[in-house]
Participant: 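This is the structure I have questions about; it appears just below.
Quick caveat: nothing in here was measured; it's all calculated off a predicted structure. By convention in this document, chain letters (A, B, ...) are assigned in the order of the sequence lines, proteins followed by strands, and residues within each chain are numbered from 1.
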There are 2 protein chains.
Amino acid sequence: MGDTPGSTGIGGEPTLEEQIAAYQREFQDLDPQVEKIVSALSRLNRRMNVAYGRQTAALGISNADWEVLKALVLSGAPYRMGPSELAKRLGLTPAAMTHRIDRMVAEDLVTRKRDETNRVRVIVELTTEGREKWLEAMRLATVFEEDLLQDLSADDRTALGDVLTRLLRRVEHAQPDAGGRLTDLD
Amino acid sequence: MGDTPGSTGIGGEPTLEEQIAAYQREFQDLDPQVEKIVSALSRLNRRMNVAYGRQTAALGISNADWEVLKALVLSGAPYRMGPSELAKRLGLTPAAMTHRIDRMVAEDLVTRKRDETNRVRVIVELTTEGREKWLEAMRLATVFEEDLLQDLSADDRTALGDVLTRLLRRVEHAQPDAGGRLTDLD
DNA sequence: AAGATAAATTTCGAAGCTAAACAGTACACT
DNA sequence: AGTGTACTGTTTAGCTTCGAAATTTATCTT
């Protein structure tokens with residue numbers, strides 16, 4: 001089960017090899033090869049999330065903020081979305097999204113205004129400051145990512161990208177989309 | 001920056017290719033190859049976390065519970081640890097760990113007793129029910145993991161495992177251990 | 001016009017965390 | 001022995017964020 005759910009492993013964390021050995025002791029039918037991949041994936045992602053978290057924190061925004069900024073930028077051009085759309089996208093309730101937008105408006109990352117063409121709706125729009133924060137975060141991230149992959153040749157990279165997308169397709173197919181909010185950082 | 005921090009992307013999530021294209025539009029100097037790897041890693045991990053979360057939920061335990069169970073099992077043999085040790089390992093304060101242990105004692109996943117050889121300390125010990133829950137979770141996880149990797153040959157698997165551990169070594173070296181609790185699931 | 005439907009917000013409460021103060025114990029040093 | 005110091009774990013108080021349910025406002029249907 002790799003690292004399976006929970007754990008941050010910051011203190012006296014065992015090495016990957018130690019951990020796999022321990023799992024094998026405690027759980028007989030464990031494929032070490034599979035476990036190695038899964039555990040490495042988990043650990044890698046945790047370290048990446050920590051790094052990203054530091055970067056956004058350095059920019060003075062929370063991970064929650066980041067999620068919203070990203071969704072808005074990905075929506076393209078005028079960078080506008082409705083709260084319920086955002087809520088669905090991020091996997092939380094409209095109520096929670098209202099609260100989150102409140103905070104982000106206060107931080108001047110987004111604006112909120114009624115949609116005059118359909119006054120039931122609300123338009124959340126990225127501010128220039130919000131967009132700037134996103135850009136800064138991207139700049140920091142690319143540095144980190146290039147650093148992370150520095151040992152891999154171009155061929156290694158394409159190979160890795162292909163394998164990962166293959167796995168991704170598999171898991172997305174198995175688990176179409178059914179939402180579940182699990183405190184992800186992705 | 002891949003998905004960088006936050007996001008769950010459950011609703012009308014763009015495909016990986018769409019997302020990379022969008023990022024390139026919004027952020028000129030982006031290496032698509034790097035982005036593909038990083039985004040795939042992020043998405044893959046999110047899906048895995050969702051899957052693991054469902055499994056533990058099906059067993060009636062929370063992700064918080066899971067973290068503690070895992071640490072205790074990894075500690076080996078008598079499955080005992082002190083609260084502060086656990087707190088360090090999981091990256092939270094001793095106070096938070098006290099609360100968490102309270103809950104887990106109520107759920108009969110662990111026991112708490114004073115260490116009579118050194119009455120300052122407290123011993124948190126896995127119950128048989130706690131161990132059983134861990135085993136069940138492992139069983140569920142191995143099924144999922146084998147399913148995830150079904151398209152990969154044995155050679156693919158060793159290659160992937162090697163590349164991932166290489167990346168992991170890189171990031172662990174760069175970011176030795178400095179703790180940061182970022183709501184990870186690993 | 002009257003409901004039905006939908007979007008967003010408000011209110012209330014729960015979960016989980018941290019910081020700070022506190023209590024109990026062990027150990028070192030005189 | 002006695003005292004100071006350090007450390008462990010718990011308690012308390014407060015904060016942040018989220019969810020559920022009720023509420024408001026606007027639109028659509030018939």
Participant: When you compare the side chain of A:Leu69 with that of A:Leu126, does any pair of heavy atoms fall below 4.5 Å?
Facilitator: yes
Participant: Taking only residues two or more places apart in sequence, or in another chain, which ones meet B:Glu132 in a salt bridge (Lys or Arg N to Asp or Glu O under 4.0 Å)?
Facilitator: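 By the salt bridge (Lys or Arg N to Asp or Glu O under 4.0 Å) rule, B:Glu132 matches B:Arg139.
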Participant: Answer yes if the side chains of A:Ser153 and A:Asp155 hold a donor-acceptor pair under 3.5 Å, and no otherwise.
Facilitator: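 No, no side-chain donor-acceptor pair sits under 3.5 Å.
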Participant: So B:Ala96, base contact, sugar-phosphate only, or nothing? Heavy-atom distance under 4.0 Å.
Facilitator: base
Participant: How is A:Arg114 classified with respect to the nucleic acid when contacts are heavy atoms under 4.0 Å: base, sugar-phosphate, or nothing?
Facilitator: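 The residue A:Arg114 makes no contact with any strand.
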Participant: Only counting residues at least two apart or in another chain, list the ones meeting salt bridge (Lys or Arg N to Asp or Glu O under 4.0 Å) with B:Arg112.
Facilitator: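 Only B:Asp102 meet the salt bridge (Lys or Arg N to Asp or Glu O under 4.0 Å) criterion with B:Arg112.
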Participant: Could you list the residues that satisfy salt bridge (Lys or Arg N to Asp or Glu O under 4.0 Å) with A:Arg121, not counting sequence neighbours?
Facilitator: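 A:Arg121 satisfies salt bridge (Lys or Arg N to Asp or Glu O under 4.0 Å) with no residue once adjacent residues are dropped.
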Participant: Between B:Ser42 and B:Asn45, do the side chains contain a donor N or O and an acceptor N or O under 3.5 Å apart?
Facilitator: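 Side-chain D/A pair, B:Asn45 to B:Ser42: absent.
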Participant: Just checking B:Ser84: base, sugar-phosphate only, or nothing, at a heavy-atom cut-off of under 4.0 Å?
Facilitator: sugar-phosphate
Participant: Show the distances under 3.5 angstrom between N or O atoms of the protein and N or O atoms of nucleotides 27-30 of chain D.
Facilitator:
unit_1, atom_1, unit_2, atom_2, d
D:dT27, OP1, A:Arg119, N, 3.1

Participant: Within the pair B:Thr93 and C:dC17, is there a side-chain N or O less than 4.0 Å away from OP1 or OP2?
Facilitator: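 Looking at the OP1 and OP2 atoms of C:dC17, neither is under 4.0 Å from any side-chain N or O of B:Thr93.
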Participant: Which protein N or O atoms sit under 3.5 Å from an N or O of nucleotides 12-17 of chain D?
Facilitator:
none

Participant: Heavy atoms only, 4.0 Å cut-off, all strands: where does B:Pro83 land among base, sugar-phosphate and nothing?
Facilitator: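 The answer is sugar-phosphate, as B:Pro83 gets under 4.0 Å only of primed atoms, P, OP1 or OP2.
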Participant: Salt bridge check: are B:Glu26 and A:Arg131 linked by an N-O gap of less than 4.0 Å?
Facilitator: yes
Participant: Output all residues satisfying salt bridge (Lys or Arg N to Asp or Glu O under 4.0 Å) with B:Glu125, sequence neighbours left out; order by chain, then residue number.
Facilitator: B:Arg80, B:Lys113
